[in-house]
Amino acid sequence: MTNDSPEPRSHRTSLALPPVIRVVDSHTGGEPTRVIIEHGPDLGEGPLELRRERFCSEFDHFRRAVILEPRGSDVLVGALPVPPHDPSCSLGVIFFNNAGYLGMCGHGMIGLLVTLAHLGRIQPGAHQVETPVGIVRTVLESRHQATIINVPSYRAAAGVTLLVEGVGPVVGDIAWGGNWFFLVRECGEPVTWENLPRLQWLADQIQATLDRQGVTAPGGQRIDHVELFGTAGDVDADSRNFVRCPGGAYDRSPCGTGTSAKLACLAADGTLQPGSVWRQASIIGSVFSARYQWSGDHIVPEITGQAFVTGEQLLRFDPDDPFQYGIQT
Ligand code: PYC
């Protein structure tokens, strides 16, 4: 380092990374997924929630190396396929991003299926996939299209008022769709591409307020996704959303788990009947088609979307590279 160079935001550790990791990248409605194909960490056996904890406690350097810049980005979601614990499943998967680990990931699941089909590892038809938050039934419908029958989803609280600094009262619902969401139906802002900076700012403020005021989901779990809704505008859809993900980036897709949480709210309000189609547009105009069925006091959401493979590569990790573990933010 020269005197005028800042301390690099590198991660100082002696933890080992393989020299190369093979990945396939795709996007689902604009939101990228990176599937680890070879040389991922060996998380051993056992329930997926325990293997996710092991990923976090023993291999978090792997997550950072694969997801953070310069090899990845804040928008990217990683998918590590693992052997299932539940014998009814053909596959398990753990999703991760720039901030940590996800319960489920709807766009990521569609990306995973399309990627595995691209590699010739699965054929069109039904595939049952285990995640740390439950089993997701899936149907690969074509080379690019899949439907996921998500984990049971529900609304935990309706009409929660947050006093957001610089904004005032913001009313939202708290719902589970495989991750926890704070959903704001009337956010007082146009939910349009042109208004992106303002939506990002508002969602940041809402997330900060949830954290500061200790507003949590049942059991004290952190609500780490914020979802703002508006009219669909010129897109053929019922609604358009802006979804802030846990690491601060916004979801380019309509967010599979966020759409599941939305369906749970619509079902609880009685404004969407079981089996009726809800078309959810994202802030960039991509659309998921969704419906639900009741199962006791939860709903079972069904989300259909399209994904496309964008690249296949070997990520390289050189021990001499100060940024082999990613640029720390
Ligand atoms: O599609 O469920 C989803 C998702 C979660 C975070 C990013 N995408």
Side-chain angles (χ1 to χ4, degrees), residues 9 11 17 21 23-37 40-41 43 48-49 51-82 92-112 115 129 131-133 136 148 150-151 176-182 200 203-204 207 210-211 221-227 241-261 282-284 305 307 310-311 315 325-329:
R9 296 198 60 80
H11 188 57
L17 282 169
I21 296 172
V23 299
V24 172
D25 290 349
S26 62
H27 80 84
T28 308
E31 180 77 350
T33 306
R34 174 165 287 172
V35 181
I36 311 301
I37 304 298
L43 304 179
L48 260 71
E49 56 196 293
R51 277 189 263 171
R52 181 177 58 172
E53 278 172 27
R54 196 171 300 144
F55 197 165
C56 177
S57 61
E58 293 175 29
F59 297 101
D60 202 50
H61 60 292
F62 177 94
R63 175 187 66 79
R64 293 165 183 271
V66 164
I67 292 291
L68 300 183
E69 293 179 16
R71 292 168 187 80
S73 81
D74 285 358
V75 188
L76 189 58
V77 169
L80 178 68
V82 295
V93 62
I94 298 173
F95 293 109
F96 50 100
N97 66 9
N98 59 330
Y101 301 84
L102 294 162
M104 224 301 274
C105 180
H107 94 267
M109 187 64 86
I110 296 167
L112 171 67
T115 292
V129 186
T131 76
V133 294
V136 177
I148 59 174
N150 197 7
V151 295
W176 170 256
N179 296 298
W180 281 107
F181 288 81
F182 190 78
Q200 182 75 60
D204 289 349
Q207 183 66 61
L210 289 166
D211 291 338
Q221 292 183 79
R222 180 166 182 250
I223 302 163
D224 57 5
H225 290 72
V226 174
E227 190 166 6
N241 68 13
F242 172 93
V243 181
R244 182 194 189 277
C245 298
Y250 70 90
D251 196 333
R252 275 62 173 163
S253 87
C255 191
T257 52
T259 301
S260 299
S282 73
I283 193 65
I284 68 162
T310 55
L315 301 178
Y325 299 103
I327 300 172
Q328 305 302 304
T329 51

Inset, instruction - For the residue pair Met109 and Phe95, establish whether any side-chain heavy-atom pair is separated by less than 4.5 Å. - result: yes
If we only count heavy atoms from C-beta on, is the Val35 to Ser26 side-chain gap below 4.5 Å? no
Tell me the closest heavy-atom pair linking [X] and [Y], and the distance in Å.
{"X": "Pro70", "Y": "Gly326", "result": "CD-CA, 4.2 Å"}
{"X": "Leu102", "Y": "Arg52", "result": "O-NH1, 3.1 Å"}
{"X": "Pro32", "Y": "Val75", "result": "CD-CG1, 3.5 Å"}
{"X": "Ser282", "Y": "Pro254", "result": "CB-N, 3.4 Å"}
{"X": "Val77", "Y": "Cys105", "result": "CG1-SG, 4.0 Å"}
{"X": "Val93", "Y": "Ala79", "result": "CG2-CB, 3.9 Å"}

Check for me whether Arg252 meets the cation-pi criterion with Tyr250, that is, NZ or CZ under 6.0 Å from the six-membered ring centre and within 45 degrees of the ring axis.
yes
[atom1]/[X] to [atom2]/[Y] distance, rounded to the nearest 0.5 angstrom?
{"X": "Leu80", "Y": "Arg63", "atom1": "CG", "atom2": "CZ", "result": "13.0 Å"}
{"X": "Leu210", "Y": "His225", "atom1": "CG", "atom2": "NE2", "result": "12.5 Å"}
{"X": "Arg244", "Y": "Cys255", "atom1": "CZ", "atom2": "SG", "result": "13.0 Å"}
{"X": "Cys245", "Y": "Glu227", "atom1": "SG", "atom2": "CD", "result": "10.0 Å"}
{"X": "Leu112", "Y": "His107", "atom1": "CG", "atom2": "NE2", "result": "10.5 Å"}
{"X": "Leu68", "Y": "Asn98", "atom1": "CG", "atom2": "CG", "result": "7.0 Å"}

task = Go through the steps to decide whether Leu43 and Ile94 satisfy the test side chain to side chain contact (heavy atoms under 4.5 Å, CB included), and finish with yes or no.
result = CA-CA 11 Å; Leu43 304 179; Ile94 298 173; 3.6 Å; yes
Evaluate the ring planes of Trp180 and Trp176, with Trp represented by its six-membered ring, and classify them as parallel (under 30°), tilted (30 to 60°) or perpendicular (over 60°).
tilted
Is the Phe55 ring parallel, tilted or perpendicular to the Phe96 ring (thresholds 30°, 60°)?
perpendicular
Subject >> Worked verdict on Asp211 versus Arg222 for side chain to side chain contact (heavy atoms under 4.5 Å, CB included) >> reply: CA-CA 8 Å; Asp211 291 338; Arg222 180 166 182 250; 2.9 Å; yes
Notebook entry, point to check: Have Asp60 and Tyr325 got a donor and an acceptor in their side chains that come within less than 3.5 Å?
Noted result: no
Tested for side chain to side chain contact (heavy atoms under 4.5 Å, CB included) against Arg34, the lone hit among Val66, Thr310, Val24, Ile21 is Val66
Has the side chain of [X] got a donor or acceptor atom that lies under 3.5 Å from a matching backbone atom of [Y]?
{"X": "Gln200", "Y": "Ala249", "result": "no"}
{"X": "Thr28", "Y": "Thr33", "result": "no"}
{"X": "Asn150", "Y": "Gly177", "result": "yes"}

